[in-house]
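Report on the following structure.
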Amino acid sequence: VPAIPSCTSIQDMNGTPTWGTFTPNPAWGFNGTTLRYLYDAAKPGNDWFYIQGVNLQAGKQYELSYKYGSTDPLYPESMKVALGTAAEASSMTTTLADHPNIIANAQAPFAKLDRILFTVPANGAYYVGFQVYSQPDQFTLYLDSIVVREVPVVDVGITKLNNAPSCPASNYALNATLHNYNLVPIDFAATPVTVTATVAGAATGTLTTTINSGTLAAGGDLAVNLPA
C-alpha cells in the first residue's frame with residue numbers, strides 16, 4: 001500500500017485493511033493523490049487517519065474543510081470526524097461531523113465538500129481524526145484536501161460582472177456580484193468592504209465603491225453597483 005504523508009498517522013483498530021493512498025480519475029473531483037479505505041468482506045471499518053498536530057488558540061474560530069466520497073451507490077460508507085489533543089482514538093473526544101450514510105452519486109464527480117466551524121477550549125496542539133466505520137463488504141471511501149484555517153474576518157470576492165460591455169467606454173457603470181465565501185456572515189458596518197473594477201478598452205478607468213452598511217449571509221451573494 002502506498003505510504004501516507006510522514007507528518008500524519010494511522011490507527012488501525014481491528015487489523016487490515018486500513019487507510020492507504022490512491023490516485024483516482026480526475027473526473028471524480030478529487031485533487032491528485034487521495035486517501036482511500038478498501039473494504040473487507042468480513043470485518044467492518046474501524047480505522048483512524050490523523051492529520052499533523054496544529055497549534056490552536058482559545059477564543060478564535062477555525063474552519064475545517066475536506067473532500068470525501070465513494071464511487072458506488074450500492075455500497076454506502078460511514079465516516080466520523082473528531083478533534084482531540086493526541087493522535088489516538090481515546091483522545092478524539094469532540095465530534096465535528098458524522099457521515100453515517102455516504103451514498104455515491106450515480107456518476108462522476110463523486111467528491112463531496114464539507115466545511116465545519118469549530119473552537120477549542122484552551123491553547124495547545126490539536127489533532128483532527130477521520131474514522132471510517134463502514135459495514136463489512138462495502139467498497140471504497142476516499143478522503144482528500146484536508147485544510148484547517150483560522151476563519152478570516154472577510155473572505156469575499158467578485159464572481160460575476162453582470163453588465164460588462166463588449167466595448168468599454170467612458171462613464172460606464174458596472175454591476176457586480178459579491179460572494180461571501182465565509183461560513184459566518186459579514187457586518188459591513190463593522191467591516192467595510194471596498195470593491196474595485198478596472199475597465200480596459202477604448203477607454204480605461206477604475207470603478208470603486210465601498211459597502212459600509214447591511215450584512216451578507218454566509219455563502220450569500222450581493223449585487224453591487226460600481227458607479228462611473
Side-chain angles (χ1 to χ4, degrees), residues 1-5 7-52 54 62-84 87-89 92 94-118 127-149 151 155 159 179-183 217-221:
V1 175
I4 65 167
C7 59
T8 65
S9 61
I10 288 173
Q11 189 176 18
D12 185 352
M13 305 295 289
N14 63 347
T16 57
T18 191
W19 291 104
T21 59
F22 178 74
T23 303
N25 187 320
W28 293 5
F30 298 101
N31 301 326
T33 300
T34 73
L35 286 161
R36 180 179 69 168
Y37 175 82
L38 282 170
Y39 75 97
D40 183 272
K43 289 187 296 186
N46 189 9
D47 300 77
W48 287 87
F49 170 79
Y50 304 106
I51 68 168
Q52 183 178 18
V54 181
Y62 296 94
E63 177 187 327
L64 167 67
S65 61
Y66 54 93
K67 289 182 177 181
Y68 69 102
S70 58
T71 57
D72 192 325
L74 297 179
Y75 298 96
E77 305 290 344
S78 304
M79 183 180 72
K80 182 173 75 172
V81 185
L83 182 74
E88 58 180 45
M92 294 287 109
T94 301
T95 298
L96 299 178
D98 194 1
H99 307 285
N101 193 36
I102 302 170
I103 303 293
N105 297 331
Q107 58 186 11
F110 301 114
K112 307 175 190 293
L113 175 65
D114 198 17
R115 299 172 66 195
I116 301 164
L117 290 175
F118 70 96
Y127 298 80
V128 178
F130 297 82
Q131 181 200 24
V132 55
Y133 64 97
S134 301
Q135 294 299 308
D137 202 24
Q138 297 306 299
F139 194 42
T140 54
L141 177 65
Y142 298 89
L143 177 64
D144 190 30
S145 302
I146 303 167
V147 176
V148 176
R149 67 167 188 164
V151 174
D155 189 4
T159 57
H179 183 77
N180 182 7
Y181 292 99
N182 241 337
L183 293 178
D221 291 321

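FYI, the numbering just counts along the sequence from 1. No hydrogens, no waters, no symmetry mates; every other heavy atom, side chains included, goes into these values.
With hydrogens and angles ignored, the 3.5 Å screen pairs no side-chain donor or acceptor of K80 with any backbone N or O of P100. The backbone N or O of G220 lies less than 3.5 Å from no partner atom in the side chain of N180, so there is not a single donor-acceptor pair. For the pair K43 (side chain) and N14 (backbone), a donor-acceptor distance under 3.5 Å is present.
For the residue pair Q131 / N46, a side-chain donor-acceptor distance below 3.5 Å is found, with atom types taken as modelled. Between the side chains of S134 and E77, at least one donor N or O lies within less than 3.5 Å of an accepting N or O. Side-chain contact check for T33 and T21: no donor-acceptor pair (N or O, by modelled atom type) lies under 3.5 Å.
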Item to check | Residues T34, L143; criterion side chain to side chain contact (heavy atoms under 4.5 Å, CB included); working and verdict | outcome: CA-CA 6 Å; T34 73; L143 177 64; over 6 Å; no

Item to check | Candidate pair E88 and Q11, rule side chain to side chain contact (heavy atoms under 4.5 Å, CB included), full reasoning | outcome: CA-CA 7 Å; E88 58 180 45; Q11 189 176 18; 3.9 Å; yes

Item to check | Criterion side chain to side chain contact (heavy atoms under 4.5 Å, CB included) on Y68 and I102, from CA distance to verdict | outcome: CA-CA 9 Å; Y68 69 102; I102 302 170; 3.8 Å; yes

Next on the checklist: Using side chain to side chain contact (heavy atoms under 4.5 Å, CB included), reason through W28 and T71 one step at a time and then give a plain yes or no.
Outcome noted: CA-CA 8 Å; W28 293 5; T71 57; 3.7 Å; yes

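Residues that satisfy the salt bridge (charged side-chain N to carboxylate O under 4.0 Å, His left out) test with D98, not counting sequence neighbours, are absent from this structure. When the side chain to side chain contact (heavy atoms under 4.5 Å, CB included) test is applied to S145, the partners found at least two apart in sequence or on another chain are N31, K67. The side chain to side chain contact (heavy atoms under 4.5 Å, CB included) check on P26 picks up nothing, with sequence neighbours excluded.
In plain terms, the two heavy atoms of A218 and N182 that are nearest each other are CB-O, 3.4 Å. Of all heavy-atom pairs between G129 and M92, the closest is N-SD, 3.6 Å. Closest non-hydrogen pair, Y50 versus T8, comes out as O-CB, 3.2 Å. The heavy-atom pair separating A104 from P73 by the smallest distance is O-CB, 3.5 Å. Smallest separation of non-hydrogen atoms from P136 and P44: CG-N, 3.6 Å. Taking each heavy atom of F130 and W19 in turn, the nearest pair found is O-NE1, 3.6 Å.
Side-chain contact between L183 and Y181: absent, with no pair of heavy atoms (C-beta onward) separated by less than 4.5 Å. Two residues are said to be in side-chain contact when any heavy atoms from C-beta on lie closer than 4.5 Å; Y66 and V81 meet this criterion. Proximity of I146 to F49: side-chain heavy atoms (C-beta onward) are separated by under 4.5 Å at one or more points. Here the side chains of S78 and Q135 are not in contact, with every heavy-atom distance at 4.5 Å or above.
The CZ atom of R149 sits 7.5 Å away from atom OG of S65, with the distance rounded to the nearest 0.5 Å. Here the OG1 atom belonging to T16 is positioned 9.0 Å from the CG atom belonging to D47, to the nearest 0.5 angstrom. Residue L64 holds its CG atom at 6.5 Å from CG of L96, rounded to the nearest 0.5 Å. To the nearest 0.5 Å, atom CE of residue M79 and atom OG of residue S70 are 10.5 Å apart. Annotation: the span from Y142 atom OH to Y37 atom OH amounts to 13.5 Å, rounded to 0.5 Å. A distance of 10.5 Å separates CZ of F139 from CG of L74, quoted to the nearest 0.5 Å.
At a threshold of 4.0 Å, the pair R36-D144 does not count as salt-bridged, since none of the basic side-chain nitrogens sits closer than that to a carboxylate oxygen.
Here the two rings, on Y75 and Y39, have centers that are 6.0 Å apart or farther.
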